[in-house]
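Throughout, a chain's letter reflects where its sequence line sits, starting with A, and its residues are numbered from 1.
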Number of protein chains: 2
Amino acid sequence: MTNIKDLAKMSGVSVSTVSRVLNNHPYVSAEKKAAVLKAIECTNYNRNINAVHLSRGKTQLMGVVLPVTDTPYFALLLKGIAKRALENDYKLVLFQIDYAEEKEIEALQMLKQKQIDSLIICSRKCELALIQEHIQYGTIVLCEKTTEKSLPSVFIDHYEIFFQALEYLYQKGHKKIGYSVGRKTGSNSSLREQAYRDFLEKYKLPFYSDYIMDDCLYFEDGEKVMQRLRSMDIQPTALIITSDQVAAGIMIECQKEGISIPEQLAVIGFNNEPIAKMMNITTIDIPLVELGGDLFLQAYHGYNSNKQISVKLIERETV
Amino acid sequence: MTNIKDLAKMSGVSVSTVSRVLNNHPYVSAEKKAAVLKAIECTNYNRNINAVHLSRGKTQLMGVVLPVTDTPYFALLLKGIAKRALENDYKLVLFQIDYAEEKEIEALQMLKQKQIDSLIICSRKCELALIQEHIQYGTIVLCEKTTEKSLPSVFIDHYEIFFQALEYLYQKGHKKIGYSVGRKTGSNSSLREQAYRDFLEKYKLPFYSDYIMDDCLYFEDGEKVMQRLRSMDIQPTALIITSDQVAAGIMIECQKEGISIPEQLAVIGFNNEPIAKMMNITTIDIPLVELGGDLFLQAYHGYNSNKQISVKLIERETV
DNA sequence: TTGTATGCGTTATCAT
DNA sequence: ATGATAACGCATACAA
């Protein structure tokens, strides 16, 4: 492997001059530049980027923490992040951590160790305090509401939108409303449960713990939801499902069983995934790709702000 | 930032001893080790990983090239890769390159520059010769049949399976068969077209160029397929669709229009995605997660082999 | 078992 | 405009 020292020797200049040519610095004469360029050409030279990183203290690498990549929510978020990364010539280090907290901490470690310049945490499991400790080592951006915690974030207000969806169903006459989430852990789920409990409180409605169904991430989980529904003494008349693909699974299951939607069961999906449009599912439109892009840009520029992304309910035919 | 030099000074040993402690080398006395450990504790020391990389010439980073991450095919492949990476404590650098060849070359560059130790190319656009040139810099594993090109790979035989699907439809009485692909570029698509042409040749069937439909990646593209079908003078009686989610889109569209499947239109999907099971779609089962895992392991161990993953047709109710 | 000295490849500082 | 040299932080061959 040839290095700049070799190049310097070959082209009869110093290493500094070679470095200047490599980095397009001004103040280097045309002849010398040509000589260096020629040497680079001849030797098929390649810069050792690790040396550059060590010297500069930066890596042009951004970490992305997410539990899984094969659900629409995270896939679209990642799509938005990756798109902006591509535009800005930044590389992404993927931490697909499958809800393992220790791996989340590992990502924080990598920031500390300067292997990555910044970090986007799409879904958090560790304590906020731990994240706080690490912001000194690089930019960290969260995808949850952190306005009062002085941590950078781009987020949607899950409490607000969930409450809104519940109100919508209530206006339509529903009093027994269940819902599904991906995982019970995570700040989004907490916010949703809070909204749910506040809603019940507001209208003096009873709380049934089995109305909250977790582990609903994939299409086929729609089947599971319907099974659970059957096992309930008092069945809900409406469901809020936090992914359209799960909602679609429910619809297909209902079709098989002859349950008519929305007459016998109302369904609100989430994300406004393409499948929601095709199957006419009433849903919450969340601009996930845009959200991902904003996450990237905020991490990229190191802004310490909190940006809320607005969402809206799209009325279709399942309520 | 404290470094090993500081630690050495603090604990009254040499930098080498500190390094040994850091790397769990044997032959270091308990007292000195304790002293170093204490110094590490006190100073909240962190190793600068870039310096380690420079010194070692390795980064523990593996690159993954793929066009998009939000289609089931690539999402599941990535899932398999990420799973193995997690197990083996390896980090992934994601090149979500959106079919841009120059970005593919950039990944090759990063291998050359030692920013990544190895590279998995899930979908290729650049010349094989270019890849050949780069294997000297690190392990590269492809996800396509490369048996004769002496390039490492884990693959499925798209020609064979496509031909088999065509034969299956022919046995069922279909003579006008169309198909869809994600992109026309890419080796998989070429193989499929070859199988298609050979099939037509074998049974002396006519070739209609509009029977090959590209840009079918997402659920909503099912709508597009049906539109194209309507515009044809002679409509196919059967379709091979290279993603179950597109096939699902087609089924929903057909349901809306009152076209009965398989009576009026037969459909074979691909990948055996969860949606295929729920909607009873006849499909080609491809163990994508396993395939992804094998891609990782081969890149990880640097094996120079060619592993074929077997697939099978799953008969359900759409043919 | 421990320490010294050198290398890794580049950038940055400071002369000239 | 150019060059010498000192960082950057760590690993390791070699000597002791």
Side-chain angles (χ1 to χ4, degrees), chain A residues 1-40 43-61 109-117 137-138, chain B residues 1-40 43-61 109-117 137-138:
Chain A
M1 287 284 94
T2 89
N3 56 25
I4 52 169
K5 220 168 180 175
D6 301 332
L7 292 179
K9 209 170 292 172
M10 288 180 61
S11 43
V13 299
S14 71
V15 288
S16 329
T17 301
V18 175
S19 179
R20 289 192 185 98
V21 172
L22 249 25
N23 295 289
N24 277 318
H25 274 276
Y27 308 135
V28 40
S29 71
E31 315 110 78
K32 301 222 173 191
K33 184 168 183 174
V36 172
L37 253 21
K38 193 181 155 198
I40 290 175
T43 56
N44 194 17
Y45 166 78
N46 280 287
R47 190 148 59 163
N48 182 322
I49 215 79
N50 289 322
V52 178
H53 292 334
L54 173 60
S55 190
R56 282 212 243 262
K58 295 255 171 208
T59 58
Q60 294 276 102
L61 246 37
Q109 287 286 345
M110 278 180 66
L111 188 69
K112 208 171 179 178
Q113 300 186 340
K114 297 177 167 303
Q115 185 159 19
I116 52 180
D117 295 343
Y137 304 113
Chain B
M1 287 284 95
T2 88
N3 56 26
I4 52 169
K5 220 169 179 175
D6 301 331
L7 291 180
K9 208 170 292 172
M10 288 181 61
S11 43
V13 299
S14 72
V15 289
S16 349
T17 302
V18 174
S19 178
R20 288 190 186 99
V21 172
L22 249 25
N23 294 289
N24 277 320
H25 275 275
Y27 307 134
V28 39
S29 71
E31 314 111 77
K32 301 224 171 190
K33 184 168 183 174
V36 172
L37 252 23
K38 192 181 158 197
I40 290 175
T43 54
N44 195 17
Y45 165 78
N46 280 288
R47 221 184 344 202
N48 182 322
I49 216 80
N50 289 321
V52 178
H53 291 335
L54 174 59
S55 191
R56 283 211 244 263
K58 294 257 170 207
T59 58
Q60 294 275 101
L61 246 38
Q109 287 285 347
M110 278 181 66
L111 189 68
K112 208 170 178 178
Q113 300 185 341
K114 297 178 167 304
Q115 184 158 20
I116 52 180
D117 294 343
Y137 305 111

Minimum heavy-atom distance between A:A51 and B:L54, given as atom pair plus value: CB-CD1, 3.7 Å
Under 3.5 Å, sequence neighbours excluded: what are the donor-acceptor pairs made by side chains of residues 9-17 of chain A?
from  : atom 1 : to    : atom 2 : distance (Å)
A:S11 : OG     : A:L7  : O      : 2.5
A:S14 : OG     : A:S16 : N      : 3.4
A:S14 : OG     : A:T17 : N      : 3.4
A:S14 : OG     : A:T17 : OG1    : 3.4

Contact residues, residues 2-13 of chain B to DNA chain D [heavy atom, < 4.0 Å]: B:N3, B:I4
Non-hydrogen side-chain atoms of B:N44 and A:K112 separated by less than 4.5 Å: yes
Is the backbone N or O of B:T59 less than 3.5 Å from a side-chain atom of A:N50, with the two atoms forming a donor-acceptor pair by type? no
Answer whether the closest heavy-atom distance between the side chains of A:R47 and A:N23 falls below 4.5 Å. yes
What contact category does A:S29 fall into here, base, sugar-phosphate, or nothing, at under 4.0 angstrom with non-hydrogen atoms? sugar-phosphate
What does B:T17 touch in the nucleic acid at a heavy-atom separation under 4.0 angstrom: a base, only the sugar-phosphate, or nothing? sugar-phosphate
Contacts of type side chain to side chain contact (heavy atoms under 4.5 Å, CB included), residue A:N3, not counting sequence neighbours: A:K5, A:D6
Shortest non-hydrogen contact between A:Y27 and A:R20, atoms and distance: O-CD, 4.5 Å
Closest approach of A:V21 to A:K33 (non-hydrogen atoms, all atoms of both residues): CG2-CA, 4.1 Å
Over all heavy atoms of both residues, which pair between B:N46 and A:Q113 is shortest? Give the atoms and the distance, please. OD1-CG, 4.4 Å
Compare every heavy atom of B:Q60 with every heavy atom of B:D117, then report the nearest pair and how far apart it is. OD2-N, 2.9 Å
Heavy-atom contact window of chain A on DNA chain D, given 5' to 3' at under 4.0 Å: D:dA1 to D:dG9
Considering only heavy atoms of chain B and a distance under 4.0 Å, specify the first and last nucleotide of DNA chain C in 5' to 3' order that meet this criterion. C:dT1 to C:dG9
Please say whether more than 12 non-hydrogen atoms of neighbouring residues, nucleotides or ligands are located less than 6.0 Å from NZ in A:K114. no
Run the side chain to side chain contact (heavy atoms under 4.5 Å, CB included) check on B:Y45 and B:L22 step by step: do they pass? CA-CA 11 Å; B:Y45 165 78; B:L22 249 25; 3.7 Å; yes
Residue pair B:K58 / B:H53: nearest heavy atoms and the distance that separates them: O-ND1, 2.8 Å
List in numerical order all residues of residues 46-56 of chain B for which some heavy atom is under 4.0 Å away from an atom belonging to DNA chain C. B:L54, B:S55
